[in-house]
Number of protein chains: 2
Amino acid sequence: MTVWDRPEPPPPPVPLDRERIVAAAVALADEGGLTAVSLRKVAARLNAGPMRLYGHLSTKDELFDLMVDAVQAEILPDTQPGDWRETLRVVAHRTRRTVLRHEWLADLLGGRPTLGPNGLAVTETQLAALDGLADTDTVLRAVETVGAYVIGALRREVANLRAERATGLSKRDWQRAHGPHVTRMLATGRFPALARAVHDGTEVDAETSFTTGLDWVLDAVATRLPRPPA
Amino acid sequence: MTVWDRPEPPPPPVPLDRERIVAAAVALADEGGLTAVSLRKVAARLNAGPMRLYGHLSTKDELFDLMVDAVQAEILPDTQPGDWRETLRVVAHRTRRTVLRHEWLADLLGGRPTLGPNGLAVTETQLAALDGLADTDTVLRAVETVGAYVIGALRREVANLRAERATGLSKRDWQRAHGPHVTRMLATGRFPALARAVHDGTEVDAETSFTTGLDWVLDAVATRLPRPPA
DNA sequence: TCGGGGTCGATACAGTGTATCGCTATGAGA
DNA sequence: TCTCATAGCGATACACTGTATCGACCCCGA
């Protein structure tokens, strides 16, 4: 073997730490979705063999947890907003922006308890905003309810986004979009209310839809706060 | 080779159809979760090779869609309940029971648009219940909002259920349950409202929590219906 | 300089979804 | 009834997954 056919020396291995691993995983997921995240590919990005990761993680699910917590940092508001309602609204909208930036987050949100530092910080922000406005149990219920709505709404939004993308830029044409299947279904007459809704419904953009539902839920919360802020 | 060591003849292959395939997949998922569903195992249950399934499915995701639609049949109420509120409540509770019977459903719900016959039937039921009580857009918004809450709440409920199961029957001891990690976090003093909430909060069972939040959301919907039923 | 201990990561394994394509079994034509 | 073409089925193969194992290497103490 001469110098000429000696293979390129491998790049010097990067010293690993959780932060770097998670950053690489997030980058991969942003580019190709959750399924593009494999321990081999993450390790390859760091010029390492797969097993090196196991010094810092014990399982792939743990990596997912760390990824979720990492991007949850983007949810925390930079400045404390005004009243409780504004706080919950801002957190919800920042959650939405984060999910749209990292679509894979929709697949993970709500799938496991979020106990990382950033996840706890988000919860802390919400609880602090409602602190003193009602008894602890009501406050907890409020945060849970709003959180449930946000997760469900964002999952649906991303699901629709992907479906539209997959069937080729189809916006409101539900029917044509998802192939003749749905059209045929609606034509059977077994779903009259649904058919009418599809026919009469206005096309509303996802953000408005999200905001409207959120306001409804926030109204519901407001009703349960016995001590409105002065 | 003699007759004695001739291997057992394979059982006669079952004639396949979608229904049988989906039933086998659902059974596997009920027993071992979504990860226990592999095309090979599903096929094995039907005494078939893996590729036989591809005559009836084109991809594994399609199988998941069919599984979701299959169990959604359990959500449809047997008898039409009274007013719109009762209808939405019943559908929500039946959804919850279905998710608890098939925990894997929590992983799939909201992940893709539900366009199967049963999924459409569920939507139809909800829309029909609200038909005429408000303009189409408001009705759609109402169904979406309630649906988002239900999906989010059930995902969290199942996530907590699994976490409790994994850390060994730990109920409300969040802190001890998830190891010293959360305890340490709370002890840092960075999450005062959260610490207080964990300390003061009453233990409420999941069903009550679900029902309470649901009632809040239904109240919010009621506010937007201009024409209350006579 | 030698020996021992501890860690790191290459190799190996059991399993995945699915593309490919040789075989078989059927049906038509003579 | 015999022959041949064809169409579809499913065994085999492939690329890839997460992770257990364990041999090799390196560093430190003697």
Side-chain angles (χ1 to χ4, degrees), chain A residues 6-68 104 107-108 111-112 162 166, chain B residues 6-68 104 107-108 111-112 162 166:
Chain A
R6 176 155 33 203
E8 194 87 13
V14 180
L16 292 193
D17 55 1
R18 279 162 100 97
E19 203 179 340
R20 242 187 281 265
I21 294 173
V22 172
V26 167
L28 274 169
D30 287 346
E31 293 164 18
L34 258 199
T35 65
V37 177
S38 83
L39 295 182
R40 282 165 161 84
K41 289 191 215 149
V42 172
R45 286 231 165 181
L46 303 163
N47 301 317
M51 293 315 279
R52 282 208 43 203
L53 302 187
Y54 281 88
H56 308 82
L57 315 164
S58 57
T59 198
K60 194 190 185 185
D61 279 342
E62 189 174 322
L63 175 59
F64 283 162
D65 287 347
L66 294 172
M67 290 169 63
V68 170
W104 49 270
D107 302 319
L108 261 23
R112 282 154 156 275
R162 286 174 178 160
Chain B
R6 175 155 33 202
E8 193 90 12
V14 179
L16 292 193
D17 54 3
R18 279 162 101 94
E19 203 179 339
R20 242 186 282 264
I21 293 173
V22 172
V26 166
L28 274 169
D30 286 347
E31 292 164 19
L34 258 199
T35 66
V37 178
S38 84
L39 295 182
R40 282 166 161 82
K41 289 192 217 148
V42 172
R45 285 229 167 182
L46 303 162
N47 301 318
M51 294 313 281
R52 280 203 51 199
L53 303 187
Y54 280 87
H56 307 82
L57 315 166
S58 58
T59 197
K60 194 190 184 184
D61 279 344
E62 189 172 324
L63 175 59
F64 282 163
D65 286 347
L66 294 172
M67 289 168 65
V68 170
W104 49 270
D107 302 320
L108 261 24
R112 284 155 155 275
R162 286 175 179 158

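First the proteins, then the strands, lettered A, B, ... as listed; each starts at 1. None of these values were measured; they are calculated from a predicted model.
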Between [X] and [Y], what is the shortest heavy-atom contact and its length?
X	Y	value
A:L34	A:L108	CD1-CD1, 3.4 Å
A:A25	A:V37	O-CG2, 3.7 Å
B:R52	B:H56	O-ND1, 3.7 Å
B:A36	B:K41	O-NZ, 3.4 Å
B:A43	B:G49	CB-O, 3.5 Å

Original post:
For the helix from C:dT1-D:dA30 to C:dA30-D:dT1, how many degrees between its two end axes (five pairs per end), to the nearest 10°?
Top reply: 30°
**OP:** Would you mind building the protein contact string for nucleotides 22-27 of chain C? One character per nucleotide, 5' to 3', B for base within reach (heavy atoms under 4.0 Å), S for sugar-phosphate only, - for untouched.
**Re:** ------
Original post:
Quick one: is B:T59 getting a side-chain N or O under 4.0 Å of the C:dT18 phosphate, OP1 or OP2?
Top reply: yes
**OP:** Would you mind listing every salt bridge (charged side-chain N to carboxylate O under 4.0 Å, His left out) that reaches into residues 57-66 of chain A, with sequence neighbours excluded?
**Re:** A:R18-A:E62, A:D61-A:R112, A:D65-A:R112
Would you list the protein and nucleotides 14-16 of chain C atom pairs, both N or O, that sit under 3.5 Å from each other?
| from | atom 1 | to | atom 2 | distance (Å) |
| --- | --- | --- | --- | --- |
| C:dT16 | OP1 | B:S38 | OG | 2.9 |

Original post:
Can you tell me how far CG of B:D107 sits from CZ of B:R162, rounded to the nearest 0.5 angstrom?
Top reply: 4.0 Å
Original post:
Between B:L66 and B:L57, does a side chain to side chain contact (heavy atoms under 4.5 Å, CB included) hold up when you go through it step by step?
Top reply: CA-CA 10 Å; B:L66 294 172; B:L57 315 166; 3.6 Å; yes
Original post:
Under the side chain to side chain donor-acceptor pair (under 3.5 Å) rule, what pairs show up with a residue in residues 21-38 of chain B, not counting sequence neighbours?
Top reply: B:D30-B:H102, B:D30-B:W104, B:E31-B:R45
Subject >> A:L63 side chain near A:L53 side chain, heavy-atom distance below 4.5 Å >> reply: no
Subject >> Atom-to-atom span, CZ of B:R52 to P of C:dG17 - whole angstrom >> reply: 18 Å
**OP:** Identify the 5'-most and 3'-most nucleotides of DNA chain D with at least one atom closer than 4.0 Å to a non-hydrogen atom of chain B.
**Re:** D:dG10 to D:dA13
